[in-house]
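Count residues from 1 along the sequence.
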Amino acid sequence: METNNAENTWTELKIIEPIENYLKEFKTPEEFNVWYSKHKNEVDAQTTYMLNKKYHIDGYRITKIKGVLMLKKWNGIKYYKRSDIQNDINEMKKTINSIIKFLNSSQQ
């Protein structure tokens, strides 16, 4: 927060939301390279953490080695969107409730 010395008042804080969806997704490294060549200065100024939150290249992660941007093969954990996880949880709850209802009805 900043203060205005003349009036000695606080300015409002900016509230930012977490990045939940990729801004852009690429199917191949070649597709990313075409886009990267047009946005090189903008991309190079960002951290790899932020780049990997914003952009997704199937099978790869963005990394920098000695300041040079590179793609690293990535066969790790699939990143799920929060809404997808919540939908899966809701479906599991419905299924469990159906099983419980069936078991309770068969016992009577």
Side-chain angles (χ1 to χ4, degrees):
M1 288 194 304
E2 298 177 17
T3 61
N4 182 338
N5 290 337
E7 298 174 14
N8 201 21
T9 60
W10 294 98
T11 58
E12 282 191 41
L13 288 174
K14 291 181 183 178
I15 299 174
I16 57 174
E17 298 295 324
I19 299 170
E20 293 183 0
N21 298 317
Y22 296 116
L23 296 179
K24 190 147 183 66
E25 295 190 48
F26 305 92
K27 298 210 179 291
T28 65
E30 293 77 20
E31 185 181 344
F32 175 76
N33 280 331
V34 169
W35 180 85
Y36 173 63
S37 66
K38 296 176 183 174
H39 300 89
K40 185 177 182 349
N41 291 336
E42 170 191 334
V43 171
D44 286 346
Q46 297 180 54
T47 65
T48 56
Y49 174 80
M50 189 55 71
L51 291 172
N52 283 302
K53 292 288 263 179
K54 289 181 173 182
Y55 309 110
H56 175 75
I57 304 104
D58 285 345
Y60 294 87
R61 299 281 290 159
I62 301 170
T63 188
K64 284 184 186 177
I65 299 176
K66 296 184 181 179
V68 178
L69 195 78
M70 299 180 186
L71 297 180
K72 179 180 181 179
K73 276 229 178 246
W74 185 258
N75 58 2
I77 300 169
K78 180 179 177 186
Y79 290 93
Y80 293 97
K81 296 177 184 170
R82 184 175 287 173
S83 60
D84 291 342
I85 294 171
Q86 190 60 50
N87 289 339
D88 288 348
I89 290 170
N90 290 338
E91 285 299 316
M92 287 181 213
K93 285 179 180 179
K94 287 178 188 176
T95 303
I96 290 169
N97 286 334
S98 296
I99 293 169
I100 291 170
K101 189 175 183 179
F102 173 78
L103 290 174
N104 286 338
S105 68
S106 67
Q107 289 178 357
Q108 294 175 349

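- To the nearest 0.5 Å, the span separating CG on N90 from OG1 on T95 amounts to 10.5 Å.
- With values rounded to the nearest 0.5 angstrom, K94 atom NZ is found 13.5 Å from K101 atom NZ.
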- Message: Before you tell me yes or no, could you show the steps for H56 and D58 under side-chain hydrogen bond (donor to acceptor under 3.5 Å, both in side chains), namely the whole-Å CA-CA distance, both residues' side-chain angles and the distance that decides it to 0.1 Å?
- Response: CA-CA 6 Å; H56 175 75; D58 285 345; 3.0 Å; yes
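- Taking OG1 from T28 and CZ from F26, the interatomic distance works out to 9.5 Å, rounded to the nearest 0.5 Å.
- The residue from I62, T63, I57 that alone fulfils the side chain to side chain contact (heavy atoms under 4.5 Å, CB included) condition with K72 is T63.
- Scanning for side chain to side chain contact (heavy atoms under 4.5 Å, CB included) contacts around I89 gives I85, Q86, K93, with sequence neighbours left out.
- You'll find the side chain of W35 stays beyond 4.5 Å of the side chain of E31, heavy atoms only.
- Note that CG of N52 is 3.5 Å distant from CZ of R61, once rounded to the nearest 0.5 Å.
- In this structure, V68 is a member of the same hydrophobic cluster as I65, with clusters built from ILVMFWY side-chain heavy atoms closer than 4.5 Å.
- Both L69 and L23 belong to a common hydrophobic cluster when Ile, Leu, Val, Met, Phe, Trp and Tyr are linked at side-chain heavy-atom distances under 4.5 angstrom.
- Under the 4.5 Å side-chain heavy-atom criterion for ILVMFWY residues, no single connected hydrophobic cluster contains both V43 and Y22.
- Here OG1 of T47 is found 11.0 Å from NZ of K53. Values are rounded to the nearest 0.5 Å.
- Partners of Y60 under the ring-ring contact (aromatic ring centres under 6.0 Å, His included) rule, at least two apart in sequence or in another chain, do not exist in this structure.
- Remark: the backbone N or O of F32 is not paired with any side-chain donor or acceptor of K24 at under 3.5 angstrom.
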